[in-house]
Each structure stands twice: as structure tokens, then as C-alpha cells.
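Since the structure comes first, as C-alpha cells, the remarks are kept for the end.
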Amino acid sequence: MAVNGAPDAGRGGLKQLALRERHEALGARFAPFAGWEMPLQYEGIVAEHEAVRGSVGVFDVSHLARAWVRGPGSAELLRSVTTFDVTTVPVGKAHYSLYCNEQGGIEDDVFIYHLPDDQWLVIHNAANADADFGRLHAVARDQASEETPQTVMLAVQGPEAVELLTSVLGGGFAALEPRDCAELDWGGVPVLVARTGYTGEDGGECIVGADDAAALWDALTEGGATPAGLGARDTLRLEAALPLHGNDIDGTTHPFESGLGFAVTLDDEAPFTGREALAEHKEQPRTRRLAHLVAQERGVLRAGYDVHVTGEDGEMLGDPLTTLTSGAFSPSLRIGIGMAYLPAQLARPGVRLAVNVRGRALPVEVVRRPFYRKQG
Amino acid sequence: MSGDQVPDDLLYTSDHEWLRRDDASPDEATIGITDFAQDQLGDVVYLDLPGEGTEVAGGDRFGEVESVKTVSDLYAPITGEVIATNGELEDQPELVNDSPYGEGWLIRVRIADESQLDGLLDADAYRAQLPAN
């Protein structure tokens with residue numbers, strides 16, 4: 001058997017997590033991701049995935065960049081470079097948004113948190129952190145600062161996550177509604193919390209100073225959270241049909257074909273990067289859409305596999321229509337799932353196509369998103 | 001399993017397959033992947049294995065194993081005819097992880113050329129070529 005993966009990479013040149021020793025002690029396997037050496041898995045991807053779907057898991061997501069914009073006019077400065085009208089986001093709320101280029105392509109997807117005293121936190125994907133901060137700094141200048149290394153960010157996700165976070169952090173967490181954010185006092189330690197995540201489950205995300213992070217990690221794991229790595233984070237987000245920047249969305253895809261139109265505000269007058277192109281895209285008929293595919297037979301879909309129309313016997317016809325932007329084995333559904341941009345007339349639930357799985361035509365069907373919806 | 005189990009009584013390939021000669025029928029052998037291999041793959045979710053009657057050739061690809069994170073080809077340790085395929089793996093591919101040398105076996109073959117067994121590694125030789133941890 002030839003092992004194609006590279007489960008354990010070298011440490012050369014990669015940024016290390018502040019909680020590296022905790023992950024090592026838990027037997028984590030590490031993999032390089034966006035310049036960081038990240039825990040890929042501990043016990044195993046499926047077990048960690050099931051822990052998040054069934055009870056609660058904790059992810060160290062400190063690779064996500066944490067940029068701040070502070071002071072008067074911060075909302076307007078942010079609005080000038082992002083697609084959602086954040087000036088409508090009240091204090092204590094978070095909202096999903098995008099950086100687009102002048103063509104309306106998605107340069108990154110972000111979460112923006114409105115905190116008291118004109119403070120705004122923007123969470124950037126690690127791979128885009130430098131470019132994103134450049135966009136912020138270009139307009140906000142000294143009002144913008146990136147404070148990633150000083151803190152640790154933990155995502156606590158699953159049906160028991162809110163209960164765990166409440167027992168660890170106190171009743172302040174229980175008072176939060178979905179997408180609320182607040183700073184809580186954890187026995188004298190400030191912890192920034194938000195009821196957000198990237199798994200399709202309820203839960204929260206915590207940002208804490210690096211010096212206090214190990215204590216919070218320990219409290220969460222001792223309280224019952226299963227440590228979960230990037231492997232499970234990917235299968236969870238894909239089941240929830242949440243796009244991954246760099247795979248499913250990038251500078252060549254626009255939000256209206258990616259199912260992200262809700263993150264674009266055009267009914268105000270405020271200028272922002274990409275506004276003209278986005279207004280045009282919105283009015284044009286879609287030529288393609290990001291579609292959600294479920295395998296109809298055993299097999300695993302993976303990013304980069306070709307998608308074909310099929311003949312009467314299910315054989316693949318002609319040149320590939322497109323390639324999968326994401327793909328995985330869904331631990332919850334026990335079948336292959338994936339996403340791909342399809343011509344708009346084919347991006348309809350019930351359409352049957354085939355994915356070329358190393359020469360085998362694996363039948364797939366277009367379904368409505370998400371693949372998996374949280375229980376209860 | 002933990003990834004470092006190498007039973008003494010099996011033969012191995014450098015591609016991380018094992019072969020167990022059948023005591024009762026010495027012209028038959030069972031083939032699987034090693035504990036190291038299953039540990040490197042992670043959760044196995046799908047196997048494509050040849051059906052009974054298929055001829056596999058020593059050193060050639062005979063199927064593939066997919067885990068959540070990767071897919072790998074399977075190589076036949078020796079030449080022979082497939083006389084059984086582990087049907088349990090269709091519904092329980094995780095047996096390869098849980099019991100790589102037992103319930104997670106892959107195929108049984110009728111040995112075509114006994115001399116090919118001499119080209120396989122014994123447990124010590126296989127252990128010696130695993131990466132040190």
C-alpha cells in the first residue's frame with residue numbers, strides 16, 4: 001500500500017500554536033495549513049466529527065487572524081472595504097461579510113464583531129491574513145491593528161457546547177443569542193466570546209490572552225469537550241455546506257453564484273470595493289451556481305475530481321463540466337459529498353451527474369444545501 | 001490500534017501489506033494492510049477489492065483503500081487467484097482500523113508460485129524499515 005498523504009510534516013518555517021504542548025500531549029497529528037502547523041486530528045477524524053455532532057468538541061483555531069479597527073468612524077471605514085453594511089450591526093452582534101475585488105470576486109470571507117466603545121474585531125482566514133490586513137490598513141491606518149499572536153482562539157461546538165461554555169465561563173454566556181458577542185470576566189481573566197462557529201452546530205468561539213489559554217483549554221477539555229482537529233473541522237463545515245475560501249470561493253467567484261448574496265448590501269449608497277461589479281452581477285442571469293452533490297453509491301468525493309454529464313448507462317460523456325471545489329466522506333451521512341460550480345441549468349436539485357473517481361463514474365445527485373442540518 | 005503492532009508470524013511488503021500463510025491449506029494465504037498503514041491512513045471509509053476468481057500479480061495494484069483524508073492503492077504481495085474477499089468490510093470498513101491483522105483482512109488468494117514468499121519481509125525486516133518515532 002502506498003500512503004499518499006503527508007500526515008506528519010516538518011516544522012520548518014511554520015508558525016506554531018501557543019497551545020502546541022497541549023496538542024502534542026493529546027497525541028495530535030500535525031499538518032501544515034496556511035503557514036501554520038495545525039493539529040489535523042487527535043483520536044481520529046470520524047470520532048472527533050461525531051463528538052461535535054453528538055456532544056461537544058473544542059478546536060484550536062488560533063491560526064485565524066484577529067484584526068481590530070478601533071475609534072470613531074470604524075464602522076464606515078470597515079464598510080468601505082467589505083460587502084455587508086456593518087453600520088447596521090448593533091453593539092454586541094457579529095455578522096458574516098466579504099472582501100471583494102473590483103470585479104466582484106471574493107478575496108476573503110470574514111466575520112465582523114461589533115464590541116463596545118467603537119471596537120470592531122475582524123476574523124480573517126489565515127491564508128489571506130496579510131492581504132486582508134493590508135486592505136484594512138489602507139483605509140483605517142493607525143486605527144487598524146492585528147493582534148493574532150497575543151491571543152488564542154478556541155471554537156467550542158456541538159449540541160452540548162452552550163451548556164459547557166456556561167458552566168466554564170458563567171451565566172454571561174447563557175445570556176447570548178446566536179451571533180451575539182461580549183467580553184466576559186472569567187475569574188479576573190477577560191475572555192471575548194461569541195455564539196458563532198463553522199460546523200453547523202450550536203456553540204461559541206472564545207478569544208483569550210495567550211498566557212491564560214492553557215487554563216481555558218484545560219477547563220473545556222476537563223469539562224467534557226473532545227479535542228478536534230482541522231480534519232473534522234473540514235468534514236463538519238462541508239456537511240453544513242459552509243464554503244471554504246481558496247476552495248469553494250476565491251477572487252474569480254462572485255457572491256451571487258456562491259450562495260453568499262446575503263453578505264452583500266446594495267440598498268444603501270455607501271461606496272465599497274467591488275460595489276459596481278456586484279450590482280451588475282446581481283442583475284445578470286446566473287451562468288453558473290455553486291451546487292451541492294451527494295454520491296449515489298459508495299465512494300469518496302474529493303476536491304479536484306472532474307464532474308461529467310452521463311449517458312443512458314451512467315457513463316461519463318464528453319469533456320468535464322467542472323471540477324469539485326470541495327469533497328469528502330460525510331461521517332454523518334456515511335457517503336461522499338462535494339461542491340462544484342455547475343452551469344445554472346444543471347445546478348438544480350435532482351439533477352444526476354457523475355464524478356470521475358480515478359476512472360470510475362461515481363453517480364451523484366444535486367441536492368439542496370445543507371447536506372446536514374443540526375438535530376433538534 | 002496504535003500503529004506499531006507487527007506480529008512475528010506474518011510476512012510483509014515494503015508497501016505495508018501483510019500475508020499470512022494458511023496452516024491448514026498451505027497453498028492459500030490471507031492478505032491485509034499493516035497496523036502502521038491503517039494508522040497512517042486514518043479512518044477507512046471505503047475499499048475497492050477484487051472479486052473471487054480475479055488473478056492478482058505480485059507487485060501489481062489489486063485495489064484501493066480510501067480513508068477520510070486520503071486514498072491509496074493496494075499492491076499484491078504475491079501472484080495468485082482471489083478465493084475470497086472480506087465482505088464484512090462493505091458495511092464495516094472501520095474493521096481495517098480496529099483489527100488490521102484480524103477481522104480487517106482484505107483478500108484470500110491461492111498461491112501461484114511459492115518461491116515468491118521468499119521475496120517478502122519477515123517481521124524484523126519490516127519493523128526495521130518503519131520510520132522511527
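Residue numbering restarts at 1 for every chain, and letters A, B, ... go by the order of the sequence lines.
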Quick check on B:E90 against chain A: is it the side chain, the backbone, both or neither that has a heavy atom closer than 4.5 Å? both
Shortest non-hydrogen contact between A:A328 and A:T235, atoms and distance: CB-CG2, 4.3 Å
Answer key: most heavy-atom pairs under 4.5 Å with chain B among A:Q41, A:R358, A:H49, A:R334 is A:R358
Against chain A, label B:S67 side chain, backbone, both or neither, depending on which of its atoms sit under 4.5 Å from a heavy atom there. backbone
Distance from A:F33 atom CZ to A:L230 atom CG, nearest 0.5 Å? 6.0 Å
Kindly assign one of parallel, tilted or perpendicular to the pair B:H16 and B:Y126, based on the angle between their ring planes and the thresholds 30° and 60°. perpendicular
What pair of heavy atoms forms the shortest contact from A:R53 to A:S332, and how long is it? NE-OG, 3.5 Å
